[in-house]
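Working notes, structure below.
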Amino acid sequence: QVQLVESGGGMVQAGGSLRLSCAASGRTFSSYAMGWFRQAPGKEREFVAGIGWSDFTTDYLDSVKGRFTISRDNAKNTVYLQMNSLKPEDTAVYYCAAVRLPTVVTTEGGYDYWGQGTQVTVSS
């Protein structure tokens with residue numbers, strides 16, 4: 001069982017930055033692929049970024065490439081999402097997810113564990 005707790009959300013103006021953190025419980029965090037998803041009002045939840053554990057391979061939603069960076073610190077059982085050059089369309093609840101697989105997973109159904117979400121609001 002893995003428990004995930006996100007933090008770091010908030011309100012920021014367009015062009016600003018935020019760093020989300022996701023702290024995971026358990027002693028096998030290093031064996032889990034991690035992902036960030038988001039859900040805006042009235043829209044389906046979508047994959048934003050993911051990172052594997054075997055080679056730290058990453059993958060991103062096209063619209064965030066070059067602006068967002070996912071990283072992990074296995075010693076701290078934490079995965080991060082650095083978000084730069086934020087746009088109003090990035091406004092959403094951001095969720096952290098985990099699955100015990102070595103490589104990046106980009107589908108919502110591929111994850112077994114989810115955090116409660118953290119709100120990110122970008123004003124124009």
Study note, to complete from the structure: Taking every heavy atom of R100 against every heavy atom of S31, the minimum-distance pair comes out as CG-O, 3.5 Å
Check your understanding: Can you list every disulfide (SG to SG under 2.5 Å) pair that touches residues 48-94, not counting sequence neighbours?
Key -> none
Check your understanding: Ion pair present between K87 and D90, side-chain N to carboxylate O less than 4.0 angstrom?
Key -> no
**Study point:** Spatial distance of atom CE (M34) from atom CG (N77) [nearest 0.5 Å]
**Key:** 9.0 Å
Check your understanding: Would you find a donor on one side and an acceptor on the other, under 3.5 Å apart, between the side chain of T91 and the backbone of V122?
Key -> yes
Point to revise | Closest heavy-atom pair and its distance - G115, Y95 | key: O-CD2, 3.7 Å
Point to revise | Minimal non-hydrogen separation, A33 against R72, with atom names | key: CA-NH1, 4.2 Å
Point to revise | Heavy-atom closest pair, residues V99 and G110 | key: CG2-O, 3.2 Å
Practice item. Quick one: pull up CD in E44 and CZ in R38 and give me the separation to the nearest 0.5 Å. Key: 14.0 Å
Check your understanding: In terms of hydrophobic clusters joined by side-chain contacts under 4.5 Å, are L61 and W36 together?
Key -> yes
Review point. Between Y94 and F68, what is the ring plane arrangement, given parallel below 30°, perpendicular above 60°, and tilted in between?
Key: tilted
Exercise for review: Check the hydrophobic clustering (I, L, V, M, F, W, Y; side-chain heavy atoms under 4.5 Å; chains of links allowed) and say if Y80 and L20 are grouped together.
Suggested key: no
Exercise for review: Begin with the C-alpha distance, continue with both residues' side-chain angles, and end with the deciding distance and a verdict on side-chain contact (heavy atoms from CB on, under 4.5 Å) for T57 and D59.
Suggested key: CA-CA 7 Å; T57 300; D59 199 0; over 6 Å; no
**Study point:** Approximate separation, where rounding is to 0.5 Å, of E46 CD and T106 OG1
**Key:** 12.0 Å
Exercise for review: Find out whether the Lys NZ or Arg CZ of R67 is both under 6.0 angstrom from the six-membered ring centre of Y60 and within 45° of the ring's axis.
Suggested key: no
Practice item. Indicate the atoms forming the closest heavy-atom contact of V79 with F29, along with that distance. Key: N-CZ, 4.1 Å
Practice item. Measure the CZ-CG distance between R19 and N84 for me, rounded to the nearest 0.5 Å. Key: 11.5 Å
Practice item. Mind checking the CG-OH spacing from D112 to Y32? Nearest 0.5 Å is all I need. Key: 8.0 Å
Check your understanding: When you look at CD of Q3, are more than 12 heavy atoms from neighbouring residues, nucleotides or ligands closer to it than 6.0 Å?
Key -> no
**Study point:** L4 with V120, same ILVMFWY side-chain cluster at under 4.5 Å
**Key:** yes
Review point. Does L81 belong to the same Ile/Leu/Val/Met/Phe/Trp/Tyr cluster as V12, with side-chain heavy atoms less than 4.5 Å apart forming each link?
Key: yes
Practice item. Write out all pairs satisfying disulfide (SG to SG under 2.5 Å) with one or both partners inside residues 8-43, taking only residues at least two apart or from two chains. Key: C22-C96
Point to revise | Heavy-atom closest pair, residues E6 and G117 | key: OE1-N, 2.9 Å
Review point. Hey, any chance M83 and I70 share a hydrophobic cluster, counting ILVMFWY side chains that come within less than 4.5 Å of each other, even indirectly?
Key: yes
Practice item. Hey, could you give me the CD1/CZ distance between I51 and F56, rounded to the nearest 0.5 Å? Key: 5.5 Å
